Amino acid sequence: MDAHTMTKPAVLILLGPPGAGKGTQARMLEEKFGLVQLSTGDLLRAAVAAGTEAGQAAKAVMEAGELVSDEIVINILRDRMAQPDCAKGVILDGFPRTTVQAEALDALLAENGQSINAAISLQVDDAAMVTRISGRFTCGACGEGYHDTFKPTKVAGICDKCGGTDMKRRPDDTAETVASRLVAYHEQTAPLIAYYKARGVLNSIDAMGDIDAIAADLGALVKQATA
Ligand code: AMP
């Protein structure tokens, strides 16, 4: 393929408060469309686990349910976007979370001749978020997400997907931390809905229902936005 026939990699953004299902839906889109899920939360957790300088700076902030500095997050995102697999197209899950990050993303994409295909706002009720978050866990081996009530494993303690038994709960998935994370969302991230609306790329979907029904709505939107 020469440069003229090559299509630009798709860039999709999932917006929504903690617990809205961004991660679950991003993973489903990744499988369905061959895109790469890019979660700054996952990248930061990996940095914390590896004990890097950025990870050490981020750890306490994440445990308090506050936002990590724009500088750290933008650097992590920029490095990840430079990896060759991102040429398949990306679904940004949990980034951007501030206007400064949104502007940095616009600049980064412009440098690469790319632009945002769609920013999709997952609409949910705050009241339901605490229940959703406090019951969730993931398989430590394959990363599949579960929930005590809404999506339990078929056999207790065993991953449906890979048979793994090392189930993990995030240290910031507690009722107290969720309250701080919701405040951070409303104060710092929700303004991005207007930001993307003004740029003509905003789409919204009702994300309160069944996971598969939401995935179907989202899939249709993504198909349209990447056509
Ligand atoms: P998440 O997995 O997206 O819920 O993110 C977990 C935590 O990581 C958040 O509560 C923040 O402390 C931090 N974090 C993740 N993404 C960002 C971001 N784009 N900007 C600032 N902090 C972030």
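When a ligand or atom number is given, it counts from 1 through the structure's own listing order. Keep in mind the model is a prediction, meaning the values are calculated, not measured.
Between Val124 and Pro17 the shortest side-chain heavy-atom distance falls below 4.5 Å.
Within 4.0 Å of ligand 1, the residues that place a heavy atom are Thr40, Gly41, Leu44, Arg45, Met62, Glu66, Leu67, Val68, Val73, Gly94, Phe95, Arg97, Gln101, Arg170, Asp172, Arg181, listed by chain and number.
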Subject >> Steps toward side-chain hydrogen bond (donor to acceptor under 3.5 Å, both in side chains) verdict (Thr177, Thr174) >> reply: CA-CA 5 Å; Thr177 312; Thr174 60; 2.9 Å; yes

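Heavy atoms only, all atoms of each residue included: Met62 and Asp172 are closest at O-CB, 3.7 Å.
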Residues 67-74, side-chain donor-acceptor partners within the protein, below 3.5 Å, at least two apart:
from, atom 1, to, atom 2, distance (Å)
Ser69, OG, Ile72, N, 3.3
Asp70, OD1, Thr98, OG1, 2.9
Asp70, OD1, Gln101, NE2, 2.9

Expected list for residues 199-211: side-chain donor-acceptor pairs under 3.5 angstrom, two or more places apart:
from, atom 1, to, atom 2, distance (Å)
Arg199, NH1, Tyr195, O, 3.0
Asn203, ND2, Val201, O, 3.3
Asp206, OD1, Met208, N, 3.0
Asp210, OD2, Asp212, N, 3.2
Asp210, OD2, Ala213, N, 3.1

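Residue pairs satisfying the ring pair (Phe, Tyr, Trp, His ring centres under 6.0 Å) criterion with at least one member in residues 126-170, sequence neighbours excluded, are listed as follows: Phe137-Tyr146, His147-Phe150.
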